[in-house]
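Here the structure is laid out as C-alpha cells; the discussion comes afterwards.
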Amino acid sequence: NEPNDVRYFAESVDAIEPASGALTICRYEGTNMSAGVAYAGKYKVCTFGFPLEIIKSDKDRNRLMSSALTFLNVSNKK
C-alpha cells in the first residue's frame, strides 16, 4: 500500500456490493466487504474493486484470473 519499485500499488481499494442478482465472489480480509462480484444472466460480468496487479503471489493471481475466465466461459486453448 505504498509506492515502490517492485510492484504496482493501490492507495485505496473499493468495496463493491452485488445488486440485481449478482453474487460476492471474494472479500477483503479482515473487513468482510466485497472485493469482487459476478453476475450471470443474459450476459456475464466479473468485476473487482482492486487492480489484479496488486496480488503479490503469481499463483494466487493466476488462480483468480483462471476462475474468472472459467466463469465467463473463456478458453485459453490455442
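What you see is a predicted model, and the numbers here were worked out from it, not measured in a lab.
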Could you give the distance from OH (Tyr39) to SG (Cys46), rounded to the nearest 0.5 Å? 14.5 Å
Rounded at 0.5 Å granularity, tell me how far CG in Leu52 sits from CG in Asp60. 12.0 Å
Sort and list the pairs that fulfil ring pair (Phe, Tyr, Trp, His ring centres under 6.0 Å) and have at least one residue in residues 44-63, not counting sequence neighbours.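 Qualifying pairs, neighbours excluded: Phe48-Phe50.
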Check whether more than 12 heavy atoms from other residues, nucleotides or ligands sit under 6.0 Å from atom CD of Glu17, and answer yes or no.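 Yes, the 6.0 Å shell around CD holds more than 12 heavy atoms from other groups.
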Measuring only between side-chain heavy atoms, which start at C-beta, is Leu64 closer than 4.5 Å to Arg61? no
Nearest atoms (heavy-atom pairs only) where Ser34 meets Tyr28: O-CE1, 3.7 Å
Quick check: closest heavy atoms across Leu72 and Val45, and the distance to 0.1 Å?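 Residues Leu72 and Val45, closest heavy atoms: CD2-N, 4.2 Å.
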Does Ile55 belong to the same Ile/Leu/Val/Met/Phe/Trp/Tyr cluster as Leu69, with side-chain heavy atoms less than 4.5 Å apart forming each link? yes
Pro18: which of Thr24, Ile25, Thr47, Leu23 passes side-chain contact (heavy atoms from CB on, under 4.5 Å):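 It is Thr24, the one option of Thr24, Ile25, Thr47, Leu23 that forms the side-chain contact (heavy atoms from CB on, under 4.5 Å) with Pro18.
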Candidate pair Arg27 and Thr31, rule side chain to side chain contact (heavy atoms under 4.5 Å, CB included), full reasoning: CA-CA 8 Å; Arg27 296 188 183 277; Thr31 67; over 6 Å; no
